[in-house]
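Counting from 1, the numbers follow the sequence of the chain as shown. Since we're looking at a predicted model, the values are computed, not measured.
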Amino acid sequence: QVQLVESGGGLVQAGGSLRLSCASSGRTFSNYAIGWFRQAPGKEREFVAAISRPTSRSTDYADSVKGRFTISRDNAKKMVYLQMNSLKPEDTAIYYCAARTFVPSISPGQYNYWGQGTQVAVSS
């Protein structure tokens with residue numbers, strides 16, 4: 001069992017940066033892979049980034065954000081971060097963090113636990 005809460009969203013101009021945080025209250029946080037997903041109005045939820053358990057040391061990114069976004073985790077603090085640089089208007093969406101046991105995935109349906117989301121808006 002793990003509970004997730006996102007924060008750090010807001011309004012930013014194109015080219016700016018934001019860092020999203022995902023706080024976990026789970027007892028075994030290090031056993032979970034964490035993904036970030038986003039959903040814009042009228043669109044399906046899409047994969048953004050994922051990070052493996054600490055022992056696997058791997059990350060994955062959607063092509064649309066690769067080179068601009070960085071996912072990281074701090075297991076001592078039970079936190080996962082998404083650093084977003086060079087933001088574009090098309091990055092505007094509600095961003096969600098999600099958790100699944102052991103192995104990361106790019107599919108939203110593979111994740112068992114979800115936060116409530118944080119809004120990111122990027123103006124041109």
Side-chain angles (χ1 to χ4, degrees):
Q1 294 287 328
V2 60
Q3 295 78 46
L4 305 172
V5 179
E6 303 94 337
S7 63
L11 176 64
V12 65
Q13 291 186 341
S17 298
L18 286 172
R19 189 173 80 157
L20 305 184
S21 298
C22 178
S24 172
S25 61
R27 294 174 58 250
T28 55
F29 178 71
S30 62
N31 290 337
Y32 293 88
I34 304 296
W36 283 98
F37 296 81
R38 66 188 183 187
Q39 188 165 21
K43 297 184 178 180
E44 294 187 351
R45 193 166 298 185
E46 66 173 352
F47 170 75
V48 176
I51 189 165
S52 68
R53 293 182 297 149
T55 55
S56 296
R57 308 184 207 96
S58 66
T59 57
D60 195 17
Y61 297 92
D63 289 342
S64 60
V65 306
K66 193 171 185 178
R68 299 189 297 123
F69 291 9
T70 303
I71 188 171
S72 62
R73 66 190 295 164
D74 185 333
N75 293 301
K77 297 180 179 179
K78 296 184 177 181
M79 298 284 288
V80 175
Y81 306 100
L82 184 68
Q83 178 67 46
M84 305 186 296
N85 298 326
S86 301
L87 283 163
K88 304 175 181 180
E90 52 262 44
D91 296 319
T92 296
I94 299 174
Y95 284 71
Y96 301 87
C97 64
R100 72 185 306 271
T101 52
F102 301 115
V103 181
S105 173
I106 66 171
S107 175
Q110 295 280 67
Y111 287 80
N112 306 106
Y113 308 100
W114 292 84
Q116 293 300 302
T118 185
Q119 177 70 56
V120 172
V122 184
S123 61
S124 60

Review point. Shortest non-hydrogen contact from Gly115 to Tyr96?
Key: O-CD2, 3.6 Å
Exercise for review: Establish, yes or no, whether the cationic atom of Arg53 lies under 6.0 Å from the six-membered ring centre of Tyr32 and within 45° of the ring axis.
Suggested key: no
Check your understanding: Any chance the rings of Phe47 and Tyr61 have centres within less than 6.0 Å?
Key -> no
Practice item. Enter the distance from Ser52:OG to Ile71:CD1 here, rounded to the nearest 0.5 Å. Key: 9.5 Å
**Study point:** Parallel, tilted or perpendicular: rings of Phe69 and Tyr95 (30°, 60°)
**Key:** tilted
Practice item. Can you see which heavy atom on Pro104 is nearest to which on Ala50, and at what distance? Key: CB-CB, 4.0 Å
Point to revise | From CD (Gln110) to OG1 (Thr101), nearest 0.5 Å | key: 9.5 Å
**Study point:** Geometric cation-pi criterion, Arg73 with Phe29: 6.0 Å, 45°
**Key:** yes
Review point. If only atom types and distance count, is the side chain of Ser105 paired as donor or acceptor with the main-chain N or O of Ser107 below 3.5 Å?
Key: yes
Practice item. First locate atom CD of Gln39, then atom CD of Glu44, and finally report the distance between them rounded to the nearest 0.5 Å. Key: 8.0 Å
Practice item. Rounded to the nearest 0.5 Å, what's the gap from SG on Cys97 to CG on Leu20? Could you check? Key: 9.0 Å
Point to revise | Spacing of CG belonging to Asp74 relative to OG belonging to Ser21, to within rounding of 0.5 Å | key: 10.5 Å
Exercise for review: Could you grab the distance from atom CE of Met84 to atom CZ of Arg68, nearest 0.5 Å is fine?
Suggested key: 9.5 Å
Check your understanding: Taking atom types as modelled, is there a side-chain donor on Glu6 or Thr118 under 3.5 Å from an acceptor on the other?
Key -> no
**Study point:** Atom of Leu18, atom of Gly8 and distance for their closest heavy-atom approach
**Key:** CD2-O, 3.9 Å
Review point. Can any side-chain N or O of Gln119 pair as donor or acceptor with the backbone N or O of Ala93 at less than 3.5 Å?
Key: yes
Check your understanding: Shortest non-hydrogen contact from Pro89 to Ser124?
Key -> CG-CB, 4.0 Å
Show the atom names and distances, to 0.1 Å, of all donor-acceptor pairs under 3.5 Å that link a side chain in residues 76-83 to residues at least two apart or in another chain.
{"from": "Lys78", "atom 1": "NZ", "to": "Gly26", "atom 2": "O", "distance (Å)": "2.6"}
{"from": "Gln83", "atom 1": "NE2", "to": "Asn85", "atom 2": "OD1", "distance (Å)": "3.0"}

Point to revise | Steps toward side-chain contact (heavy atoms from CB on, under 4.5 Å) verdict (Asp91, Arg38) | key: CA-CA 9 Å; Asp91 296 319; Arg38 66 188 183 187; 2.9 Å; yes
Review point. Can you name the closest pair of heavy atoms from Pro108 and Trp114 and give their distance?
Key: O-CZ2, 3.3 Å
Study note, to complete from the structure: Shortest non-hydrogen pair, Val2 vs Ala99, comes out as CG1-CB, 3.8 Å
Check your understanding: Any donor-acceptor pair under 3.5 Å linking the side chain of Thr92 with the backbone of Val122?
Key -> yes
